[in-house]
Structure formats: C-alpha cells, structure tokens
Amino acid sequence: MIKELKDFLFRGNVLDLAVAVVMGAAFNAIITSLVSDVITPLFLNPLLKAAKVENIASLSWNGISYGSFLSAVINFLIVGITLFFVVKAANKAMNLGKKDEAEEETPAAPSQEELLAEIRDLLKEK
C-alpha cells in the first residue's frame, strides 16, 4: 500500500498539479496587488474622492459593500483571461509534437489521377 501511495504521489501528474496550485496562489497574489494597487487608483480615484472614501473595500450602497465585490470580479476576469491564453498555448505546444508523429506515421494517400486510373481499370474488367 505504501508503494502504491509513493507511485501515485511521485507520478508526474500529481507533481504538476502541486506546482500549478502553488503557482496559482502566487499568481493570484500578484493579480490582487495589481487590482488593488494599480487599477483601482487609476480608474476609481475620482469616484473614491467624490464619495469621500479612502479605499474601494469601504464603498457601499444601502449597506451592501460593492467595492470588495468589484475587486474580486476584476481579479477573476484577469486570472481567467490569463489562464485561458496559458492553457491555449500549452495545448498548442503539446499538439505540435503530436502532429509531427502523426505525419510521419500516415502513409501518403493516392493522388486523384491514381484513383481515377484504378476506377477505369475496374470498369474495363467488367
């Protein structure tokens, strides 16, 4: 049982997943900082000054804090779009190797002229 656990834990997929989780957490921290320290001051400072509010998290309407929600939505959009392009590039890179292997193994198809000649010969035999 310990050998099976060891095989499972040290299989490439589990290690890749662990690395992805750690990298995802670090990336999320970067995006959170980007939104709260760069994007919010650039685009929402006029709104914050007009509302006499110090930070976006304290923005509220009838007791509903929409500032934190707005930050979370911006974080989600940035992370989602970035991950989409990362996964798309990774899939494309993985498919490049598969295409080369498939092209090498696939025999060349007969040309149109060869097929027509074969059909003609078959018709002559009848």
Who passes side-chain contact (heavy atoms from CB on, under 4.5 Å) against Phe27, sequence neighbours left out?
Ile31, Val79, Thr82

Within the side chain of Thr32, is there an N or O that forms a donor-acceptor pair under 3.5 Å with the backbone of Asn28?
yes

Check side-chain contact (heavy atoms from CB on, under 4.5 Å) between Glu125 and all other residues, then give those that pass, not counting sequence neighbours.
Leu122

Connected to Ile30, directly or through other members, by ILVMFWY side-chain contacts below 4.5 Å are none

Using the test side-chain contact (heavy atoms from CB on, under 4.5 Å), find all partners of Ser111 that sit at least two apart in sequence or belong to another chain.
Glu113, Glu114

Could you identify which residues cluster with Ile2, counting Ile, Leu, Val, Met, Phe, Trp and Tyr as linked when any side-chain heavy atoms lie under 4.5 Å apart, either directly or through a chain of such contacts?
none

In the hydrophobic cluster built from side-chain contacts under 4.5 Å, what are the other members alongside Phe85?
Ile81, Phe84

Which hydrophobic side chains are connected to Leu123, either touching it within the sub-4.5 Å cutoff or through other members that do?
Ile119

